[in-house]
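Quick notes on the structure that follows.
As a basis for the values below, the full set of heavy atoms in this structure was taken, side chains included, without hydrogen atoms, waters or symmetry mates.
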Amino acid sequence: MNEPSSPPLSDVIPHRRLCLAADMEQYSRLDTLTQSAAQADLVRLLDEAATLTGLDRAAWARQPQGDMEFAVLPADTPEATVLGPFVHRLSACLSTLNARPDVPRVRLRLAFDTGVAADAALGHAGPAPIAVARYVNAPQLKAVLSAITSADLAVIVSDRLYQDVVRFGHLSLDPSWYIRAHVQVKEFGGYGWIRVPGHGPDDMRPAVEEVLEPLPSSEAPVPSGTKLSQHVHQGVAVGGNVSGGLNVGGPVMPPSVVPWRAW
């Protein structure tokens, strides 16, 4: 009897991909017609910024979510180009859009991470899609955009991207533009780096520092039957999958298996 053939190598080893999430601020306050127009604006902004940067949006695996878009970019996408020129172009396009009179202002939160993002029945599976969903909803990112009222865009990149790309010294990126924040959203914990185009760290720091990270008491007993939270020094922790050094903190409820958009 012939033995079954082994699956192709590409089906065994997951590919690392750059993931992006763009979310509109205060979308739920708009009426139906204005929401429809805002969705069209978001798509047009991302299309225009990508075209001006030389990126092929048609090759992005996109998952529209109403007030936001999640996308997995092609494997050969230059990450420094996305974090640098693409973000710059998007910020400029937003400024032009918001210069229109008597039209609701569009303000965006933008998040990036890189890692495993495998194709799945409902979109994508893997730690990177989950992480980027948590980063775009980071309390510190929301606080920064709310505090800097003149800004149209606030960006957060994962610690992995910051260490590998931003600190590498690419000409279009400057590490001094970013401020570090510890992000804790649901079962996710990890460091991210926030940037607001056109604004420096001193503008962002008060809003970031206002979001206090709860610290567990060293004297508090840990109830049996609960999982311990994972606070990483570098990298991220999603459920039981950890990248980077970690400290064991207070108890959290075990995470459930949920679709990509889980908030």
Quick one: pull up OG1 in Thr51 and CG in Leu46 and give me the separation to the nearest 0.5 Å.
10.5 Å
Is the closest side-chain heavy-atom distance between Thr114 and Val165 below 4.5 Å?
no
When rounded to the nearest 0.5 angstrom, what distance separates CZ in Arg17 from CG in Asp76?
9.0 Å
Partner residues of Asp56 under the side-chain hydrogen bond (donor to acceptor under 3.5 Å, both in side chains) criterion, sequence neighbours left out:
none
Give the minimum heavy-atom separation between Pro104 and Asn98, together with the two atoms involved.
O-OD1, 4.5 Å
Where at least one partner belongs to residues 39-50, residue pairs that pass salt bridge (charged side-chain N to carboxylate O under 4.0 Å, His left out), sequence neighbours excluded
Asp41-Arg44, Asp41-Arg100, Asp47-Arg57
Minimal heavy-atom distance between Val43 and Arg62, with the atoms involved, is CG1-NH2, 3.8 Å
Would you say Leu145 and Leu42 are hydrophobically clustered, going by side-chain heavy atoms of ILVMFWY under 4.5 Å?
no
Please test Asp203 against Val196 for side-chain contact (heavy atoms from CB on, under 4.5 Å), starting from the C-alpha separation and ending with a verdict.
CA-CA 9 Å; Asp203 296 330; Val196 177; over 6 Å; no
Can you list the residues that meet the ring pair (Phe, Tyr, Trp, His ring centres under 6.0 Å) rule with Trp177, with sequence neighbours excluded?
none
Spacing of CD1 belonging to Ile156 relative to CD1 belonging to Ile179, to within rounding of 0.5 Å:
11.0 Å
Which residues share a salt bridge (charged side-chain N to carboxylate O under 4.0 Å, His left out) with Asp202, sequence neighbours left out
Arg205
Side chains of Asn137 and Lys142: does their closest heavy-atom pair fall under 4.5 Å?
yes
Enumerate the residue pairs fulfilling ring pair (Phe, Tyr, Trp, His ring centres under 6.0 Å) with a member in residues 73-103, sequence neighbours excluded, ordered by first and then second residue.
Trp60-Phe86
Specify the closest pair of heavy atoms between Cys93 and Leu52, including all atoms of both residues, with the distance to one decimal.
SG-CD1, 4.1 Å
Just so I know, are the side chains of Tyr135 and Leu141 near enough to count as touching, which here means a heavy-atom distance under 4.5 Å?
no
Heavy-atom side-chain contact between Glu79 and Asp164 under 4.5 Å:
no
Heavy-atom side-chain proximity of Leu18 to Leu161 below 4.5 angstrom
yes
Residues passing the salt bridge (charged side-chain N to carboxylate O under 4.0 Å, His left out) test with Arg107, sequence neighbours excluded, are Glu25
Which residue pairs pass the ring pair (Phe, Tyr, Trp, His ring centres under 6.0 Å) test with at least one member in residues 89-109, sequence neighbours excluded?
none
Walk me through it: do Tyr162 and Trp193 pass the test ring pair (Phe, Tyr, Trp, His ring centres under 6.0 Å)?
CA-CA 7 Å; Tyr162 179 85; Trp193 294 80; 3.7 Å; yes
Would you say Phe112 and Val155 make side-chain contact, with heavy atoms under 4.5 Å?
yes
Those residues that, when tested against Ala37, pass side-chain contact (heavy atoms from CB on, under 4.5 Å) (two or more places apart):
none
If you round to the nearest 0.5 Å, how far is CG of Leu45 from CG of Leu90?
6.0 Å
Those residues at least two apart in sequence (or on a different chain) that pass side-chain hydrogen bond (donor to acceptor under 3.5 Å, both in side chains) with Thr34 are Asp31
For the atom pair CD (Glu210) and OG (Ser146), what is the distance rounded to the nearest 0.5 Å?
9.5 Å
Nearest heavy-atom approach of Pro197 to Ser91 is CB-OG, 3.7 Å
Tyr178 side chain near Leu173 side chain, heavy-atom distance below 4.5 Å:
yes
Which residues pass the salt bridge (charged side-chain N to carboxylate O under 4.0 Å, His left out) test with Arg109, sequence neighbours left out?
Asp23
Determine, using the 4.5 Å side-chain heavy-atom cutoff (strictly less than), whether Leu110 and Val82 are members of one ILVMFWY cluster.
yes
For Thr32, is there any backbone N or O sitting under 3.5 Å from a side-chain donor or acceptor partner on Ser36?
no
What's the shortest heavy-atom distance between Ala207 and Ala143, and which atoms?
CB-O, 3.7 Å
So do the side chains of Ser158 and Val132 get within less than 4.5 Å of each other, counting heavy atoms only?
no
Arg105: what forms a salt bridge (charged side-chain N to carboxylate O under 4.0 Å, His left out) with it, not counting sequence neighbours?
Asp152
Pair Thr53, Thr81 - check side-chain contact (heavy atoms from CB on, under 4.5 Å), show working.
CA-CA 8 Å; Thr53 313; Thr81 298; 3.4 Å; yes
CZ on Arg134 to CD on Gln184, rounded to 0.5 Å
11.0 Å
Looking at residues at least two apart in the chain, or sitting in another chain, which of them share a side-chain contact (heavy atoms from CB on, under 4.5 Å) with Ser172?
Pro85, His170
Least distance between heavy atoms, Val136 atom then Ala21 atom
CG2-O, 3.7 Å
